[in-house]
Amino acid sequence: MAITGSAGAFLLVGRVLFGGLIAFQGVNHFMNVDQLTGYADAKGVPAPRVGVVASGVMLILGGLSILAGAYATIGAGMVAVFLLVTSPAIHDFWAASEEQAQSEMTDFIKNGELLGAALTFLAISGMEWGYAVGVGLF
């Protein structure tokens, strides 16, 4: 089944917004690698710089994959794995100080929302997307 017509157009807009902004977040990892490394280190992430760089690559490739509709299963999977791993490790609002708890909870909730979108793209990644490059595993 192909997603075409107005549904394909809405999917394209969703892919551009979601995939483009996810890829931008990955670019941001490289633009602010020192700051994010310090934050990850403060959260107890082992090899924090490697984690920041690796997650930046995952976000860029995953976001561009969804945006283009190319290897969307891999791309959506990378974004979902990133969110599943980093959300509880980095935005652990339950362990944060009173001053930081609300901010961490907000980021945790946002990541949950993004995970929902990534899983939705993963669920439809085996379908033919209109306005997409259309190469992939399935």
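Every heavy atom of this structure was used, including side-chain atoms; hydrogens, water molecules and symmetry mates were not. The model shown is predicted, which means the values in this text are computed figures rather than measured ones.
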Working note: Val79 + Leu83, criterion side-chain contact (heavy atoms from CB on, under 4.5 Å); need CA distance, chi angles, decisive distance, verdict. CA-CA 6 Å; Val79 173; Leu83 292 164; 3.9 Å; yes
Is there a side-chain contact between Asp34 and Arg49, using heavy atoms and a 4.5 Å cut-off? yes
Among Leu36, Thr37, Val33, find the one that has a side-chain contact (heavy atoms from CB on, under 4.5 Å) with Val53. Val33
Rounded to the nearest 0.5 Å, the CG atom of Leu115 sits from the OG1 atom of Thr86 at a distance of 9.5 Å
Kindly compute the distance separating CD1 (Ile22) from CG (Leu17), expressed to the nearest 0.5 Å. 11.5 Å
Tell me, yes or no, whether the heavy-atom count around Phe10 atom CZ, taken from other residues, nucleotides or ligands under 6.0 Å, exceeds 12. no
Backbone N/O of Tyr71 and side chain of Ser65: donor-acceptor pair under 3.5 Å: yes
Within the structure provided, determine whether Phe18 and Leu114 are in side-chain contact (heavy-atom separation under 4.5 Å). yes
Answer yes or no: is there a donor N or O on one side and an acceptor on the other, between the side chain of Ser87 and the main chain of Leu84, under 3.5 Å? no
Does CD belonging to Glu104 count more than 12 external heavy atoms closer than 6.0 Å? yes
Contact summary for Ala76 and Ala118, nearest pair of heavy atoms: CB-O, 3.7 Å
So, Arg15 side chain and Trp129 main chain: donor-acceptor pair closer than 3.5 Å or not? no
Student check: side-chain heavy atoms of Val57 and Phe30 closer than 4.5 Å: yes
Heavy-atom closest contact (Val85 atom, Ala89 atom, distance): O-CB, 3.4 Å
Is there a side-chain contact between Ile90 and Tyr39 in this structure, where contact means two heavy atoms from C-beta onward sitting under 4.5 Å apart? yes
Closest heavy-atom pair, Thr73 versus Ser125, reported as atoms and distance to 0.1 Å, is OG1-OG, 2.7 Å
Heavy atoms only: give me the nearest Gly69-Ala132 pair and the separation to one decimal. CA-CB, 3.9 Å
So CE of Met127 and CE of Met1: to nearest 0.5 Å the spacing works out to 4.0 Å
Can you check side-chain contact (heavy atoms from CB on, under 4.5 Å) on Phe121 and Leu11, steps first, answer last? CA-CA 10 Å; Phe121 282 112; Leu11 179 58; 3.6 Å; yes
